[in-house]
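Index from 1, following the sequence.
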Amino acid sequence: MASWGVKRRCFLGPNVYPEAPDGGWGWVVAVAFFLVEVFTYGTIKSFGIFLQDLMDEFKETNSRISWIISICVFVMTFNGPLSSMLTNRFGFQLVVMTGGLLISAGTIATSFTSSVNQMYITYGLIAGMGYCLTFLPTVSILSQYFTRRRSLVTAVASTGESLSMFALAPAFSALKDRIGWRHTMAVIGALQSTIIICGALLRPIIIKPRGTHEPQGDRSSPKELEGLSTQENVEGTKTEDSLTNNSSHEQNASYNDSELIRGSVSTGDSGVQSLKDTDSSNTEEKNLLHKEAWSETEQKSVENGNADIRELENEGEKKDQDTEKQAMQCEKHKPSAAKNTKLLDFSILREHSFIFYSLFGLFATLGFFAPQLYIIELSVSRGVEWERATYMLSTMAVAEIFGRFTIGWVLTRKQFSKKKLLVLLACVIIMTADLVGFTLVTEVYGLAVCCALYGFFMGTLACTHIPMLAEDDVVGIERMSSAAGVYVFIHSFAGLAGPPLGG
């Protein structure tokens, strides 16, 4: 049981790397992001399959029904700063798991509603808040696991949104025809509980460069300290022995002196000392001088040993002080140490690069959801049969997959590594021209071409506009978590206005 507990903590705990691994556990995070895309943006964009059923049952216009998605997108983007704050406070795992629970509960509750106003609350507010707590933390932590492959991995993992439109939308449409839109909505909500498992897999990453590790001298300091303690014990034993010997020698010396005095007193009346006594006294004096010299030498050696011990202790203290200074300097030079203490950083609003990039996102979001929501109705109004009109959504989805793969490959090329923003701008201009083309075509093939072009360039934008915040040209990877929340908050109003304006 104890070993299971250790494994469990290791599984849910953070990963420590000297640099972004460009792989490792990042591949698991990429799979989790793929599934999150399937059941967040993919589900939102597939909501158009229920449009006609909701209009017929509640006797409402398409504009009124579209407010369900508008409120959902608005809540998801408007609360982006809240998502960043909660992520910085509680971590990626808990926030995403909570978001998955809200999405599943909100979608299932939608299947029991009896009016559009109730759907505004269940799907617009509850599920929208769940989408907010799920998408941003997942894309933020995926960007932290990759540097060189960031654009490609994000593009590939984000194809879950397109595959959901391509495969799940027709499957849910067929299921709706069999069991009705309410039961289908409940099935979708049950499948969206997979996000809770995905949230548990989002292990946070800690970048600890090798330069911040303890140096070689510091790593051996415990051994040195152990050696010092052993040497101190040995020297202490020697000192005690020398002191004991000195005391015994002093006793012997005092005893010999007393014997000499008594001998001289006993022969002092005649004033003559025998040769034997003289020889013995000389021998005793020599022994005394030798012992005194030895005791002085021993005391000097003991004093020298104590001085060496003090020098070693001083050197150890100096090394400890140097280690503490190096650790303090490393903490000062860590770019994210002080920034992680802030729950939300609005100082990025003072940077011109972020302001202009946010304006780009503001206007781009106007067209993120409306075409997918209304393409079926638009095709039917142009004389296309309903069965063939549903394939327009699939055409967008397939083209969007190719667009995501293409932009991921292009942005990893060296010739475009410093021109990523220009590549993104070119995609926006072409997609704008394609949207104008929707108003000019009248036959099915023209609509199919426009859908393919729109899906392709929509894919290039959808998978890059938020991860692009990690680039040094915008805000950088250290501030991406807070910047993403502020960024989606700014263009939340465009997401709110886009579908009703399209309707």
Side-chain angles (χ1 to χ4, degrees), residues 7-42 83-84 87-88 90-97 99-100 133-163 194-210 212 334-336 339-340 401 404-405 407-414 417 420 459 462-472 474-484:
K7 290 181 180 179
R8 183 179 180 183
R9 286 195 296 271
C10 181
F11 177 74
L12 294 176
N15 283 318
V16 181
Y17 294 100
E19 59 183 4
D22 264 335
W25 192 260
W27 298 117
V28 179
V29 177
V31 174
F33 179 66
F34 175 85
L35 295 176
V36 168
E37 281 275 313
V38 169
F39 295 113
T40 54
Y41 275 101
S83 176
S84 299
T87 302
N88 293 333
F90 299 104
F92 295 96
Q93 293 171 317
L94 181 60
V95 173
V96 175
M97 292 171 71
L133 299 179
T134 301
F135 177 77
L136 279 180
T138 310
V139 71
S140 297
I141 192 173
L142 181 63
S143 300
Q144 294 177 10
Y145 270 95
F146 294 89
T147 53
R148 183 174 55 87
R149 301 174 180 173
R150 182 184 299 143
S151 299
L152 180 60
V153 172
T154 306
V156 174
S158 64
T159 55
E161 174 186 341
S162 304
L163 290 176
T194 309
I195 298 176
I196 301 175
I197 302 176
C198 296
L201 299 176
L202 301 181
R203 297 176 61 181
I205 180 173
I206 298 176
I207 303 298
K208 187 176 182 182
R210 292 187 178 91
T212 61
K334 282 184 180 180
S336 60
K339 293 176 184 176
N340 287 338
I401 294 174
R404 291 171 187 266
F405 279 111
I407 196 65
W409 179 82
V410 168
L411 294 182
T412 54
R413 302 297 95 189
K414 292 183 179 180
S417 60
K420 293 181 179 179
C463 67
T464 55
H465 73 109
I466 293 180
M468 196 68 69
L469 293 169
E471 300 296 328
D472 294 333
V474 188
V475 294
I477 186 63
E478 295 84 5
R479 308 172 70 183
M480 181 188 174
S481 180
S482 296

Keeping the roles fixed (side chain from Arg150, backbone from Ser143), state whether a donor-acceptor pair exists under 3.5 Å.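 Pair found, side chain donor or acceptor close to backbone of Ser143.
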
Can you sort out the partners of Val31 under side-chain contact (heavy atoms from CB on, under 4.5 Å), two or more places apart, ordered by chain and number?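 Checked Val31 against side-chain contact (heavy atoms from CB on, under 4.5 Å); zero matches.
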
Gap separating the [atom1] atom of [X] from the [atom2] atom of [Y], nearest 0.5 angstrom:
| X | Y | atom1 | atom2 | answer |
| --- | --- | --- | --- | --- |
| Tyr145 | Trp25 | OH | CH2 | 8.0 Å |
| Phe146 | Ile141 | CZ | CD1 | 11.0 Å |
| Thr412 | Ile407 | OG1 | CD1 | 9.5 Å |

Tell me, do [X] and [Y] make a side-chain contact under 4.5 Å, heavy atoms counted?
| X | Y | result |
| --- | --- | --- |
| Leu202 | Val29 | yes |
| Thr40 | Ile195 | yes |
| Thr154 | Thr464 | no |
| Val139 | Ser158 | no |

So, for [X] and [Y], which heavy atoms are closest and what is the spacing to 0.1 Å?
| X | Y | value |
| --- | --- | --- |
| Ala200 | Gln93 | O-NE2, 3.1 Å |
| Val475 | Ala483 | CG2-CB, 3.8 Å |
| Thr138 | Phe33 | CG2-CD1, 3.4 Å |
| Ser83 | Leu136 | OG-CB, 4.1 Å |
| Met468 | Leu411 | CE-CD1, 4.2 Å |
| Phe34 | Val156 | CD1-O, 4.4 Å |

Given Phe92, which of Gln144, Arg203, Met97 fulfils the side chain to side chain contact (heavy atoms under 4.5 Å, CB included) condition?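 Only one of Gln144, Arg203, Met97 forms a side chain to side chain contact (heavy atoms under 4.5 Å, CB included) with Phe92, namely Gln144.
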
